[in-house]
Protein chains: 2
Amino acid sequence: MDSRELRYFVAVAEELNFGRAATRLGIAQPPLSRTIQQLERRMGVTLFERTSRQVSLTTAGEVLLHEGRRALTALTAAERRTQRAGTRLVLTMKPHSDGGLLEKILTEYAASPSAVEVDVHICGIGEQGKLLREGEADAALLRFPHDDTEGFAYEELLTEPDAAVLPRTHRLADRESLTMADLAGEQLPHWPGNPPNGGPLVRDSGQLQQLIALGRTIALLPASTRHHLGPELAQVPVTDAPTSTLAIAWAEDSRSRPLAAFIQAAVQCAPR
Amino acid sequence: MDSRELRYFVAVAEELNFGRAATRLGIAQPPLSRTIQQLERRMGVTLFERTSRQVSLTTAGEVLLHEGRRALTALTAAERRTQRAGTRLVLTMKPHSDGGLLEKILTEYAASPSAVEVDVHICGIGEQGKLLREGEADAALLRFPHDDTEGFAYEELLTEPDAAVLPRTHRLADRESLTMADLAGEQLPHWPGNPPNGGPLVRDSGQLQQLIALGRTIALLPASTRHHLGPELAQVPVTDAPTSTLAIAWAEDSRSRPLAAFIQAAVQCAPR
DNA sequence: CGAATCCATACCTCCAGAGTATCGATTCCC
DNA sequence: GGGAATCGATACTCTGGAGGTATGGATTCG
């Protein structure tokens, strides 16, 4: 199968309308119709159920949409990683989620003989996987069990307990330590991708800090984020808080020399 | 990037010779040279270091070879799974490695409303991953920790200890049970993909049974394989043998209705 | 130094992918 | 119920680019 045909197919499958799909692809509708017909003929499978009024996916079409999307992203990922191969490494992470290791890792890596420039790409919550899959990034710092890691290889770097982050004026802010029970009535934020819990939806950490400062929510964050809190916020240890593990992840089948060296540097910097 | 260009690139990268690669692709050498040049120009990267006598991969070329291969297999996998979507499900497994569950799973699945025909593809040792990745199979029965599962989703079905498989004439064949220490001096087979251990290389289970019957080797196999042993072989429990876990695995992003139903059936059949 | 090897260039051919115009079927709405 | 609108398929024309052949130019080898 040709990737052009697949791209056309995905466009039609997403729009469920040949005209709109053609516009999106920047071509006219008739060649698009013909290309899809030809794809169906070559594969020996009908992909769309079409009447003159509406288009819908067949079972086979659904399968091709899922798997085909993955194949196309693999293709563009290959292209992107090739283009920066040997000159640049892109590390992606959520803000303040490096467990305090980032600087040390970068220094350690810079000393390696196969070191190249490292771009640190600060991303939104839950975006690391997408960036890795699409080849925008070579490696990602992420956290178990919060971040999804399906399909990546990874090395664990450090495990630390969560701690409560509160407005300085909060009734619990001056306590030496807390337990989860102390936080029972508090409003926790709603993380994207998780089921709504009544709390405010949080997209990035700046937003979160602001919401905490305003008293709208409190959060349980890895203890190491204390280095990044503003003066209006306080962090209090929670003795029985869950732990999370910081890990460095990469696309399984991308293991260039600079990337391998970077991972090695990261692992070396991790406390044992 | 176009998949045709990528296929051409991979051919050249594997042959490191434009003429041979062109022959393999069934085209003439000049159009191949031109396509690669064009690919390099479009990507803004040199992929090959060429003198008039030899061709070698640049760093960028190596990256594209690895990642591009993966993208191409994803493409053909998408195609294959689409072609049999909704009509057929292919399950792959090593011979006798179903833990005695296969028949039950197939019966259970046949009762499901979205059931389709299931082809059971008996494969060689270590081939399940390849078959899944290339889209030849939809699901695989495999065993932790022996089989490699990188990049697949899976559900565990059952855990059982290994037992010793010996020729009936072996000095230990009549014992009620053994310990690992009893087997210390015995010659174990050399599994493909593992480091050589002096034992005979084993590619499939028929071969293994024959080698055991001949007294050339003995094996530690999951206890459930006892149902498949010939009369010249004996199985003896080993009290401190390692365990292995049977699991059903599938390509992460292929989850058609029939496949989902099959996995559910398999999980339901597993002893809890 | 001639022969062999191997990639690049020049030039030609032809098909497939893209465009325009239009048809035919269904749906919508007055 | 009939005219307009929507939307995919068909008929046709055109052109860019993929592929072929012939050959050049550089290196290696005997």
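Reminder, nothing fancy here: chain letters follow the sequence lines and each chain counts from 1.
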Tell me the interatomic distance from [X], atom [atom1], to [N], atom [atom2], rounded to whole angstroms.
X        : N       : atom1 : atom2 : value
Glu49(A) : dA9(D)  : CD    : P     : 12 Å
Leu16(A) : dT6(D)  : CG    : P     : 19 Å
Arg20(A) : dC7(D)  : CZ    : C1'   : 10 Å
Ile36(B) : dT9(C)  : CD1   : P     : 14 Å
Gln29(A) : dA9(D)  : CD    : C1'   : 7 Å
Gln38(A) : dA18(C) : CD    : C1'   : 12 Å
Arg42(B) : dG16(D) : CZ    : C1'   : 12 Å
Asp2(B)  : dA16(C) : CG    : P     : 15 Å

Closest nucleotide among [options] to the [X] side chain:
X        : options                  : value
Pro30(A) : dC7(C), dT10(D), dG19(C) : dT10(D)
Ile27(B) : dT20(C), dG8(D), dG20(D) : dG20(D)
Asn17(A) : dC7(C), dA18(C), dC7(D)  : dC7(D)

| query | Relative to the 5' end of DNA chain D, which residue comes earlier, Arg34(A) or Val55(A), by the nucleotide with the nearest heavy atom? | reply |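 Closest to the 5' end, via its nearest nucleotide, is Val55(A).
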| query | If each of Thr35(B) and Gln54(A) is mapped to the nucleotide of DNA chain D with the nearest heavy atom, which maps nearer the 5' terminus, i.e. the 5' end? | reply |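 Comparing both residues, the 5'-ward one is Gln54(A).
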| Does Gln37(A) get its side chain close enough to the base of dA9(D), under 3.5 Å, for a donor-acceptor pair? |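 By the distance-only test, no, there is no pair.
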| Is there side-chain contact between Leu91(A) and Phe262(A), with at least one heavy-atom pair below 4.5 Å? |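 Yes, side chains in contact.
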| Any side-chain heavy-atom pair from Glu155(A) and Ile263(A) closer than 4.5 angstrom? |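 With C-beta onward as the side chain, the pair touches.
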| Is the NZ or CZ atom of Arg7(B) positioned over Phe9(B)'s six-membered ring, under 6.0 angstrom from the centre and within 45° of the axis? |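 No, a cation-pi geometry is absent between Arg7(B) and Phe9(B).
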| Just checking, Arg20(B) and Phe18(B): is the charged tip under 6.0 Å from the six-membered ring centre and within 45° of the axis? |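 Judged by the rule (NZ or CZ under 6.0 Å from the ring centre, within 45° of its axis), Arg20(B) is not positioned above Phe18(B).
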| Are Glu103(B) and Thr107(B) linked by a side-chain donor-acceptor pair shorter than 3.5 Å? |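 Per modelled atom types, Glu103(B) and Thr107(B) side chains form no pair under 3.5 Å.
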| query | Looking for any heavy atom pair under 4.0 Å, which part of the strands does Arg4(A) touch: base, sugar-phosphate only, or nothing? | reply |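 The residue Arg4(A) makes sugar-phosphate contact but no base contact.
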| What nucleic acid atoms does Phe48(B) come within less than 4.0 Å of, heavy atoms only: base, sugar-phosphate, or nothing? |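 Nothing, no nucleic acid heavy atom in range.
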| message | So, does Arg50(B) get its side chain near the phosphate of dC6(C), meaning an N or O under 4.0 Å from OP1 or OP2? | response |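 No, because none of the side-chain N or O atoms of Arg50(B) sits under 4.0 Å from OP1 or OP2 of dC6(C).
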| Do the side-chain N or O atoms of Ser33(A) get closer than 4.0 angstrom to the phosphate oxygens (OP1, OP2) of dA9(D)? |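 Answer is yes, contact under 4.0 Å.
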